[in-house]
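Below you'll find the structure, written out as structure tokens, and then a few comments.
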Amino acid sequence: MISYEWFTILVIIFILAPVIGAITLLWLLVFEREFALLKSQNTKLAMEKELHQMEYMQLNQQIQPHFLFNTLNLLLSLARLKKIDELVKSLEHLSLFFRFKYQIKEQLIPISKEVEYTRHYLEIQNLRFGQRLKTTVDCDEELKNALVLPYMLQTLVENSFKHGLEKKIGEALLDIKIISINEKVILEVRDNGPGESNKDFTQTTHSGQGLKNISRRLNLLFKDKATLSLTHLQGNGMQVIVSWPLIYQDDVDVKS
């Protein structure tokens, strides 16, 4: 026969068991809801990251038809003048230019590779301008393995030709300087073209191309840690200065 004490305990258990079960079930439902919400947020973040990656790569692959048309005209002129050596040289540089353009898939590449890629562009322009064109490229030795947006230097250089040097009569000067200050890379591209002081930023970048393309890519990767400024110099010429955090491949590997 069950004692009074055990009977009381059993009654309490039978009363509390459904309550405990209900509380446990409610806790499980809340936990499941929080887990589903967290999973949804992670999925959303992954989708946003993928969209940013797709947008970034699309911006990377944009190419100015202006340069392509000018190069084709150059090739045609060289062919008509039967300047075979110059024609072969320009075709070689154009081939290497496009090989870089469509092989590079990384978000960031070494500055040395970007400079090499840009030199192919400059060699083609040298054939167009001849002795009139004078270019200098000054890059600190320790920065050659630092990382940069692919095609950024080439785009800035192309912008100088398109909006300045191609309208310049006489000697055409282009100066490129890459230095580091306070853990940031500073890239400066300066030309002595006539400039476009009467145009605003949007017009100068031609509706999403050129400098605006670079600005969007910098924002996708570095947010407010990167800057881009365009200055119309007194007299003649334009100066573009871009700054972004000084990072190397090892820094990217650690973060990823």
Side-chain angles (χ1 to χ4, degrees), residues 52-72 90 92-126 128 135 137-139 143-166 174-179 184-191 201 204-223 225-230 238-249 252:
H52 280 177
Q53 177 73 5
M54 291 173 62
E55 180 184 4
Y56 184 85
M57 294 311 298
Q58 183 182 22
L59 289 170
N60 269 357
Q61 296 303 324
Q62 289 179 355
I63 183 169
Q64 293 270 14
H66 178 79
F67 164 68
L68 183 58
F69 294 152
N70 281 338
T71 304
L72 291 176
S90 60
E92 287 176 347
H93 286 294
L94 184 62
S95 174
L96 291 170
F97 177 86
F98 280 116
R99 188 179 72 176
F100 270 92
K101 185 73 178 177
Y102 294 106
Q103 278 187 345
I104 296 175
K105 303 298 182 184
E106 297 88 351
Q107 289 186 337
L108 296 166
I109 63 173
I111 288 177
S112 59
K113 183 177 288 188
E114 176 70 6
V115 170
E116 180 185 357
Y117 168 73
T118 304
R119 287 190 188 279
H120 295 305
Y121 176 88
L122 289 173
E123 286 297 330
I124 294 172
Q125 295 293 9
N126 277 328
R128 290 184 60 216
T135 62
V137 180
D138 183 11
C139 177
L143 292 179
K144 290 186 176 180
N145 290 323
L147 299 182
V148 63
L149 298 180
Y151 323 121
M152 182 168 75
L153 174 58
Q154 185 272 326
T155 301
L156 295 178
V157 170
E158 184 171 353
N159 187 74
S160 287
F161 279 96
K162 183 176 181 179
H163 301 292
L165 297 179
E166 289 183 0
L174 179 71
D175 296 318
I176 300 168
K177 182 181 295 185
I178 308 173
I179 61 174
K184 282 199 170 187
V185 181
I186 310 297
L187 168 60
E188 176 187 327
V189 177
R190 178 194 295 253
D191 66 69
F201 181 82
T204 303
T205 55
H206 281 245
S207 302
Q209 298 296 322
L211 303 183
K212 196 172 182 180
N213 179 305
I214 294 173
S215 182
R216 288 173 63 189
R217 289 196 288 149
L218 286 170
N219 182 63
L220 283 171
L221 287 183
F222 301 115
K223 301 300 181 183
K225 295 180 180 179
T227 62
L228 185 153
S229 64
L230 170 66
M238 289 194 300
Q239 177 191 56
V240 180
I241 297 178
V242 187
S243 70
W244 67 95
L246 173 60
I247 54 177
Y248 293 89
Q249 188 61 53
V252 176

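The model shown is predicted, which means the values in this text are computed figures rather than measured ones. We number each residue from 1, following the sequence as shown.
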So, the side chain of [X] versus the backbone of [Y]: is there a donor-acceptor pair under 3.5 Å, distance only?
| X | Y | value |
| --- | --- | --- |
| Trp244 | Leu187 | no |
| Glu114 | Ile109 | no |
| Glu188 | Ile178 | no |
| Ser215 | Leu211 | no |
| Arg217 | Pro150 | yes |

Decide yes or no for Gln249 and Leu147: does some side-chain heavy atom of the first lie under 4.5 Å from some side-chain heavy atom of the second?
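Heavy-atom side-chain distance check passes, below 4.5 Å.
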Where do Leu149 and Phe222 come nearest, in terms of heavy atoms and distance?
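Taking Leu149 first and Phe222 second, the nearest heavy atoms are CD2-CE1, 4.5 Å.
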Relative to each other, are the rings of Tyr121 and Phe161 parallel, tilted or perpendicular (30° and 60° limits)?
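Perpendicular: the ring planes of Tyr121 and Phe161 meet at over 60°.
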Just how far is it from atom [atom1] of [X] to atom [atom2] of [Y], taken to the nearest 0.5 Å?
| X | Y | atom1 | atom2 | result |
| --- | --- | --- | --- | --- |
| Arg190 | Leu174 | CZ | CG | 11.0 Å |
| Thr155 | Ile214 | OG1 | CD1 | 5.0 Å |
| Leu96 | Glu123 | CG | CD | 11.0 Å |
| Arg216 | Leu228 | CZ | CG | 14.0 Å |
| Thr227 | Asn219 | OG1 | CG | 12.0 Å |
| Arg128 | Leu122 | CZ | CG | 12.0 Å |

Test side chain to side chain contact (heavy atoms under 4.5 Å, CB included) on Leu108 and Leu221; report intermediate values, then the result.
CA-CA 9 Å; Leu108 296 166; Leu221 287 183; 3.9 Å; yes
Checking side chain to side chain contact (heavy atoms under 4.5 Å, CB included) between Ile176 and each of Leu156, Val115, Asp191, Val157, which is the one that passes?
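Exactly one candidate clears the test, Val157.
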Please test Val148 against Val185 for side chain to side chain contact (heavy atoms under 4.5 Å, CB included), starting from the C-alpha separation and ending with a verdict.
CA-CA 9 Å; Val148 63; Val185 181; over 6 Å; no
Within a radius of less than 6.0 Å around NZ of Lys184, do more than 12 heavy atoms belonging to other residues, nucleotides or ligands occur?
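Correct, the count exceeds 12.
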Would Ile111 and Lys144 count as a side chain to side chain contact (heavy atoms under 4.5 Å, CB included) here? Give the steps.
CA-CA 5 Å; Ile111 288 177; Lys144 290 186 176 180; 5.6 Å; no
Check against side chain to side chain contact (heavy atoms under 4.5 Å, CB included), Val189 and Leu153:
CA-CA 8 Å; Val189 177; Leu153 174 58; 4.0 Å; yes
